[in-house]
Amino acid sequence: MTESAPPNDLPTTQQEPAPLADVRHTIAVGAGKGGVGKSTVAVLAAVGLARRGFRVGLLDADVYGPSLPKLTGTEGCHLGLDERGRVRPAEADGLKLVSMGHLIDPNQAVIWRGPMAQKYVKEFLDRTNWGGLDYLLVDLPPGTGDIPLTLAQSFPLTGAVVVSTPQPVALQDAVRALRMYQKLGVEPLGIVENMSYYLCPHCGHRDEIFSHGGAAKAAQELGVPFLGAIPLNVALRAAGDAGRPAATFAEVEPYVMEALNDFVERLRGAVEAQGRKRMPLPQIPPGR
Ligand code: ADP
């Protein structure tokens, strides 16, 4: 099996500014396994933070299955370069977006080994002109294999969020992912339970299709924050399929909106707590 040729639309520049110098918080969004809604949750976090007035970017580092272009309606957008040769992100609903999916044909299979994937994610990190961000969310590939591990080490992270469904099999992998981040010295910002429950829009009956509450329990056992429970919801799925990120908040039932806002507030709280840990208050000597 040969590796895919790298996309050639990223010419080199002579002058490289400091990577992520204009980004306040870089948050990895990971998962123990695929299909738990990791990319969707990254978009929900981004939209929720942007609705609070923050400047938000999303970097799709899931180089093998880049789904952010689809989820944000930016498929087919070609990334331009600024006058200094830096990548100009695509934009959707006020979010700045960079994805491998903006460089390659979405139907093309990417066959890269770890170092190649790392090289390209690093290129995006070093060479994107984000234009100043409060939050950069990085959608990492799922799992604890070589690729997510290498990528998580490639750039400075404020911390990592792990997405899981409530099923034991998903949670087991989520715990493994969280431990991987801890071993890498990446602060776990917490676990969020996606597809946590389903409320029938017609009769209001509540179903816990994939079970419920496992992420809160796992978070407690691991001593990391629980970041909330996001319901399985048709409007969320439809917003993703239509590539309309803002609709995830604007066009959902009030209980969904409440759950999303709760998640975003918990995430913000975890990031702020992490910031305080990194910069402890100065100790005032006694007697002053
Ligand atoms: P992953 O990144 O983990 O592979 P995605 O975010 O691509 O997963 O989600 C997989 C599918 O599940 C998408 O079609 C998405 O719209 C849908 N989905 C994710 N979370 C929810 C949710 N809470 N409610 C309804 N659909 C969801």
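Residues: numbered from 1 along the sequence shown. Atoms within a ligand are numbered from 1 in the order they appear, just like the ligands themselves. This structure is a prediction, so every number in the text was calculated from the model and none was measured.
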Using atom types as modelled and distance alone, determine if a side-chain donor or acceptor of [X] lies under 3.5 Å from a backbone N or O of [Y].
X: Arg52; Y: Gly48; result: yes
X: Arg176; Y: Gly143; result: no
X: Arg86; Y: Asn129; result: no

Query raised in the report: Once the angle between the rings of His212 and Tyr197 is folded into 0 to 90°, is it parallel (under 30°), tilted (30 to 60°) or perpendicular (over 60°)?
Result: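 Perpendicular, since the angle between the ring planes exceeds 60°.
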
Query raised in the report: For Arg206, what residues pass the salt bridge (Lys or Arg N to Asp or Glu O under 4.0 Å) criterion, not counting sequence neighbours?
Result: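 Testing Arg206 for salt bridge (Lys or Arg N to Asp or Glu O under 4.0 Å), a comparison that skips the adjacent residues, returns Glu208.
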
Ligand 1 polar-atom proximity to protein (N/O, under 3.5 Å):
from, atom 1, to, atom 2, distance (Å)
ligand 1, 2 (O), Lys38, N, 3.4
ligand 1, 2 (O), Ser39, N, 2.9
ligand 1, 2 (O), Ser39, OG, 3.0
ligand 1, 3 (O), Gly35, N, 3.2
ligand 1, 3 (O), Val36, N, 3.1
ligand 1, 3 (O), Gly37, N, 2.9
ligand 1, 3 (O), Lys38, N, 2.8
ligand 1, 4 (O), Gly35, N, 3.1
ligand 1, 6 (O), Ser39, N, 3.3
ligand 1, 6 (O), Thr40, N, 2.8
ligand 1, 6 (O), Thr40, OG1, 2.6
ligand 1, 8 (O), Gly37, N, 3.2
ligand 1, 20 (N), Asn194, ND2, 3.0
ligand 1, 23 (N), Asn194, OD1, 2.9
ligand 1, 23 (N), Pro231, O, 2.9
ligand 1, 24 (N), Asn233, N, 3.0
ligand 1, 24 (N), Asn233, O, 3.4

**Report entry** Residue of the set Arg55, Arg268, Lys96 for which salt bridge (Lys or Arg N to Asp or Glu O under 4.0 Å) holds with Asp134
**Finding:**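 Testing each of Arg55, Arg268, Lys96 against Asp134, the sole residue satisfying salt bridge (Lys or Arg N to Asp or Glu O under 4.0 Å) is Arg55.
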
